[in-house]
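Structure first, then comments.
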Amino acid sequence: MTTPERTYPPYIADERSSLESWLDFHRATLAAKCAGLDDGQLREASVPPSMMTLLGLVRHMADVERSWFRRVFAGDTTAEPLFYTDEDPDADFRVSEKDTWDEANTAWQAEIAAAREVVRGHSLDDVSTGRRHRDGAQVDLRWIYVHMIEEYARHNGHADFLRERIDGATGA
C-alpha cells in the first residue's frame, strides 16, 4: 500500500471547491494513516475494551459515505449498509481475522466514487430526496458536506492515536 498524495485545500476558493477539497483532504488523511500497515496492524485495537481499529474506521467511513450521499441525499433505498445492521449498529467497527484492507478499501473507494457521482450537477442548496435515519429530516447538500468533513476530522483524530500506538508514526 502506497501513501496517498494529499493536496492541501486552497486558501482562496468558492464555497463548493472549499467543501469538496476539505472533504478530499480528510479522505486522503485517513488513507495515509492506514498506509504501510498490514492487515494485522490495521485490525489492532487501541486500548481494550475499545474495539476501534484503523480497519474499522475505514469500514465505518465506507458506510458513512454510502449513507449520507446515496441513501440520504439521493434517496437510494436499495443502498443497504455494507458493514453494520440495525440489529448491530457497531458491526462496522467490529473486525475479525477474515476482514481485510483490500475488502474495506475497495468498498470505501467505491462509495467515494458513488458519492462524487451522486452530487455531480447538484447545487449546495439542493435538498435530499431521502431522509436522515435518526429523525426523518431532510438536509441540503451543503449540510452533508460540512457533516462529512466533521465526521472525517473526528475520526482522523482517532486514527492519529491508533497509528501512533501501532508503530509510533505521528503527523500527517
Side-chain angles (χ1 to χ4, degrees), residues 1-37 42 46 52-76 79 81-84 89-90 92-93 101 104-135 137-166 169-172:
M1 173 186 345
T2 60
T3 302
E5 183 177 324
R6 289 186 324 152
T7 302
Y8 206 78
Y11 293 118
I12 300 171
D14 62 272
E15 182 182 19
R16 179 73 175 251
S17 297
S18 290
L19 293 172
E20 287 179 349
S21 61
W22 273 109
L23 181 53
D24 284 341
F25 177 82
H26 281 291
R27 287 168 170 156
T29 298
L30 181 56
K33 290 297 172 183
C34 297
L37 300 177
L42 291 166
S46 56
M52 189 169 293
T53 65
L54 288 168
L55 190 60
L57 285 173
V58 169
R59 288 163 43 109
H60 175 69
M61 292 313 299
D63 268 325
V64 170
E65 293 268 0
R66 184 177 184 92
S67 180
W68 284 107
F69 288 106
R70 292 176 64 183
R71 296 173 73 192
V72 175
F73 187 71
D76 182 352
L82 300 168
F83 299 106
Y84 73 91
D90 291 327
D92 48 352
F93 286 112
W101 168 255
N105 186 50
T106 297
W108 183 38
Q109 295 308 315
E111 292 308 320
I112 290 170
R116 288 182 175 130
E117 187 59 34
V118 161
V119 301
R120 189 180 321 278
H122 284 279
S123 162
L124 293 175
D125 296 322
D126 287 350
V127 174
S128 63
T129 57
R131 296 179 180 272
R132 279 178 41 113
H133 180 70
R134 289 187 184 143
D135 61 10
Q138 288 181 289
V139 296
D140 64 22
L141 183 55
R142 177 181 293 102
W143 191 96
I144 291 172
Y145 272 116
V146 171
H147 174 68
M148 290 298 295
I149 292 165
E150 172 271 327
E151 181 89 8
Y152 271 102
R154 182 165 34 101
H155 288 312
N156 282 339
H158 298 131
D160 284 339
F161 285 120
L162 286 162
R163 182 63 190 251
E164 184 175 10
R165 173 161 173 330
I166 291 166
T170 60

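Position 1 is the first residue of the sequence, and the numbers go up from there. These numbers come from a predicted model, not from an experiment.
- Looking only at side-chain heavy atoms (C-beta outward), Pro81 and Arg71 come within less than 4.5 Å of each other.
- The side chain to side chain donor-acceptor pair (under 3.5 Å) check on Glu164 picks up nothing, with sequence neighbours excluded.
- Within the 3.5 Å criterion, the main-chain N or O of Ala74 finds a donor-acceptor partner in the side chain of Thr129.
- From Asp24, atom CG reaches atom OG of Ser21 across 7.5 Å, with rounding to the nearest 0.5 Å.
- Summarising the geometry, atom CZ belonging to Arg27 is positioned 4.0 Å from atom CD belonging to Glu65; distances are rounded to the nearest 0.5 Å.
- For Asp63, the side chain to side chain donor-acceptor pair (under 3.5 Å) test picks out no residue, with sequence neighbours left out.
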Show the numbers, then the answer: is there a side chain to side chain contact (heavy atoms under 4.5 Å, CB included) between Trp101 and Val58?
-> CA-CA 9 Å; Trp101 168 255; Val58 169; 3.7 Å; yes
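- Contact of the Asn156 side chain with the Met61 side chain is not registered, since no non-hydrogen atoms from C-beta on lie closer than 4.5 Å.
- Scored by the side-chain contact (heavy atoms from CB on, under 4.5 Å) test, Ala13 finds Pro10, Ser17, Ser18 as partners (sequence neighbours excluded).
- The aromatic rings of Trp143 and Trp68 lie tilted to each other, with the angle between the two planes from 30° to 60°.
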Assess whether side chain to side chain contact (heavy atoms under 4.5 Å, CB included) is satisfied between Gln109 and Ile112, documenting all intermediate values.
-> CA-CA 5 Å; Gln109 295 308 315; Ile112 290 170; 4.0 Å; yes
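- Remark: Ile149 CD1 to Ile144 CD1 distance equals 12.0 Å, nearest 0.5 Å.
- The shortest distance between side-chain heavy atoms of Leu162 and Leu57 falls below 4.5 Å.
- Using a 4.5 Å heavy-atom threshold, the side chains of Tyr152 and Thr29 count as separate.
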Given side chain to side chain contact (heavy atoms under 4.5 Å, CB included), test Arg116 with Glu20 step by step and report yes or no.
-> CA-CA 9 Å; Arg116 288 182 175 130; Glu20 287 179 349; over 6 Å; no
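- Residues meeting the side-chain contact (heavy atoms from CB on, under 4.5 Å) test with Tyr8, sequence neighbours left out: Tyr11, Trp22, Phe25.
- Phe73 meets the ring-ring contact (aromatic ring centres under 6.0 Å, His included) test with His122; sequence neighbours excluded.
- Remark: side-chain polar atoms of Arg66 are not paired, donor with acceptor, to backbone N or O of Glu111 under 3.5 angstrom.
- Looking at Glu150, His26, Lys33, His60 one by one, the single match for side-chain contact (heavy atoms from CB on, under 4.5 Å) with His155 turns out to be His60.
- Asp140 places none of its side-chain heavy atoms less than 4.5 Å from the side chain of Tyr145.
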Decide side chain to side chain contact (heavy atoms under 4.5 Å, CB included) for Leu42 and Cys34; before the verdict, give the C-alpha distance in whole Å, the side-chain angles of both, and the deciding distance to 0.1 Å.
-> CA-CA 7 Å; Leu42 291 166; Cys34 297; 3.8 Å; yes
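- With hydrogens and angles ignored, the 3.5 Å screen pairs a side-chain donor or acceptor of Arg163 with a backbone N or O of Ala35.
- Put simply, the side chain of Arg70 does not reach to within 4.5 Å of the side chain of Glu117, judged on heavy atoms.
- Taking Thr106 as the reference, nothing meets the side chain to side chain donor-acceptor pair (under 3.5 Å) condition, with sequence neighbours excluded.
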